[in-house]
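The block underneath contains the structure these notes are about, expressed in structure tokens.
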There are 2 protein chains.
Amino acid sequence: MTVDRSQVLRAAATLLTRKATSSMDEIAKAAGISRATLHRHFAGRDALIKALEDLGLARFEAALDAADIDAGGAEEALRRLVAQIRPEAPLLAFLTTENQLFEGEMHQGWDRLDARMTGLFQRGQESGEFRVDLTATWFAEALYGLIGAGAWAVHAGRIAPNDMEQMIAELLLGGVRRSME
Amino acid sequence: MTVDRSQVLRAAATLLTRKATSSMDEIAKAAGISRATLHRHFAGRDALIKALEDLGLARFEAALDAADIDAGGAEEALRRLVAQIRPEAPLLAFLTTENQLFEGEMHQGWDRLDARMTGLFQRGQESGEFRVDLTATWFAEALYGLIGAGAWAVHAGRIAPNDMEQMIAELLLGGVRRSME
DNA sequence: CTCGTATGAGACAACAACGTCTCACGGCGT
DNA sequence: ACGCCGTGAGACGTTGTTGTCTCATACGAG
């Protein structure tokens with residue numbers, strides 16, 4: 001009976017990613033609850049967005065922890081990270097596309113997140129696994145972009161949900177070009 | 001004196017990418033014109049979005065033409081395409097992130113555009129330049145995502161504007177992994 | 001069973017944004 | 001110099017959304 005806040009937030013993220021101007025009423029319908037209940041859980045639209053950001057950051061941090069990104073090879077660590085991110089893709093896609101969040105004061109959590117992400121790629125560069133002619137910062141941004149692209153492609157039916165993880169990891173790691181074996 | 005429509009649309013795209021809920025007044029300010037003038041050129045918000053979509057599609061088509069994507073190697077064709085896309089990145093980033101456009105009836109032009117994009121990657125796959133364990137459709141979606149990521153990274157000051165072209169092309173082609181020479 | 005709690009449905013005023021209008025200003029061509 | 005657009009500024013009514021409220025209902029715990 002009691003509303004699952006995170007489930008509501010996921011539904012909101014999915015809807016807002018497609019249509020950022022959705023009204024609270026549309027969000028409530030998408031979440032399968034009434035507008036009154038939505039307002040009981042989130043004071044207003046701003047509070048909803050904020051909760052969305054907090055949840056997304058928490059899930060991203062959790063994915064980084066669960067992937068144990070400091071262990072083993074950087075490539076394998078990255079694969080584990082993408083695997084952990086997969087179920088949270090719609091949520092994270094919203095965060096990375098809604099730059100509105102950064103207009104005011106950027107959420108402090110992003111700094112830490114970016115640092116961990118960049119650190120992973122830097123580790124790969126230092127170990128010789130990753131190329132050094134592109135910046136680790138760009139690698140992190142590219143991963144964000146590919147998560148969004150993957151979530152959209154799945155939503156649009158262009159790729160199978162189960163393939164998303166591999167599609168993102170393989171493209172990010174190896175690119176489009178055919179490797180010479 | 002007379003307002004440059006495309007310039008207004010570019011400013012609108014840049015603003016709307018960051019904050020999709022921007023009001024017409026904010027858009028007008030961002031474009032450096034009054035709200036009245038904005039309304040004189042675009043009947044309403046819907047018309048503005050539509051014009052944005054039309055312009056973006058036209059620029060994308062023009063980039064495909066200018067890049068002469070059917071000539072030479074697929075890799076070089078892709079590099080030429082990215083080079084042509086660069087100046088239009090903010091506009092295209094808006095289109096690919098605002099999936100609101102697809103809620104109703106998808107703009108017919110997207111079909112043709114997707115077909116050309118996918119065709120380029122398929123050509124590369126058939127010639128042996130591009131890997132075949134990922135789909136050409138995904139390659140196209142990934143490019144869209146990387147354009148958005150690149151535009152954002154430049155806007156955020158994370159990468160230099162002049163580097164964006166190379167960053168996108170190199171990552172898309174070769175990925176993160178260091179190649180064995 | 002009974003109570004407490006959470007929800008859905010709907011009404012309500014307040015507010016922000018929209019779309020339209022008018023009027024005055026300024027540059028530009030004739 | 002004159003007239004002509006195109007623009008900026010602002011006022012206006014209208015619409016849609018928001019946030020809050022009340023009331024009835026349904027579920028679960030004790």
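Below, read A as the first sequence line, B as the second, and so on, with proteins coming before strands; counting in each chain starts at 1.
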(message) Tell me whether A:R79 is salt-bridged to A:E76, with the criterion being a basic N under 4.0 Å from an acidic carboxylate O.
(response) yes
(request) Measure the CG-CD distance between A:L91 and A:E53 for me, rounded to the nearest 0.5 Å. (result) 10.5 Å
(message) Check A:K29 with A:D25, please: is the shortest side-chain N to carboxylate O separation under 4.0 Å?
(response) yes
(message) Would you compute the distance between atom CZ of B:F130 and atom CG of B:L78 and round it to the nearest 0.5 angstrom?
(response) 5.0 Å
(request) Return the value, rounded to whole Å, for the distance between atom CG of A:L48 and atom P of D:dG19. (result) 10 Å
(request) Return the value, rounded to whole Å, for the distance between atom CG of A:D46 and atom C1' of D:dG19. (result) 12 Å
Protein N or O to nucleotides 8-12 of chain D N or O, pairs below 3.5 Å:
| unit_1 | atom_1 | unit_2 | atom_2 | d |
| --- | --- | --- | --- | --- |
| D:dG8 | OP2 | B:S34 | N | 3.0 |
| D:dG8 | OP2 | B:S34 | OG | 3.0 |
| D:dG8 | OP2 | B:T37 | OG1 | 2.5 |
| D:dG8 | O6 | B:R40 | NH2 | 2.9 |

(request) Would you kindly give the CD1-to-P distance between B:I49 and C:dC18, to the nearest whole Å? (result) 11 Å
(request) Find out whether B:W152 and B:R158 are in side-chain contact, i.e. whether some heavy atom of one side chain is under 4.5 Å from a heavy atom of the other. (result) yes
(message) Can you measure B:R45 atom CZ to D:dT14 atom C1' for me and round it to whole angstrom units?
(response) 18 Å
(message) Rounding to an integer number of Å, can you tell me how far B:I27 CD1 sits from C:dG19 C1'?
(response) 14 Å
(message) Rounding to an integer number of Å, can you tell me how far B:D4 CG sits from D:dT7 P?
(response) 11 Å
(message) What is the distance, to the nearest angstrom, from the CE atom on A:M24 to the P atom on D:dT20?
(response) 10 Å
(request) Round to a whole Å and report the spacing from NE2 of B:H39 to P of D:dT7. (result) 15 Å
(message) I'd like to know if B:R116 pairs up with B:D65 as an ion pair, taking the criterion as any Lys NZ or Arg NE/NH1/NH2 lying under 4.0 Å from an Asp or Glu carboxylate oxygen.
(response) yes
(message) It should be established whether A:H41 places a side-chain nitrogen or oxygen under 4.0 Å from OP1 or OP2 of nucleotide C:dT7.
(response) yes
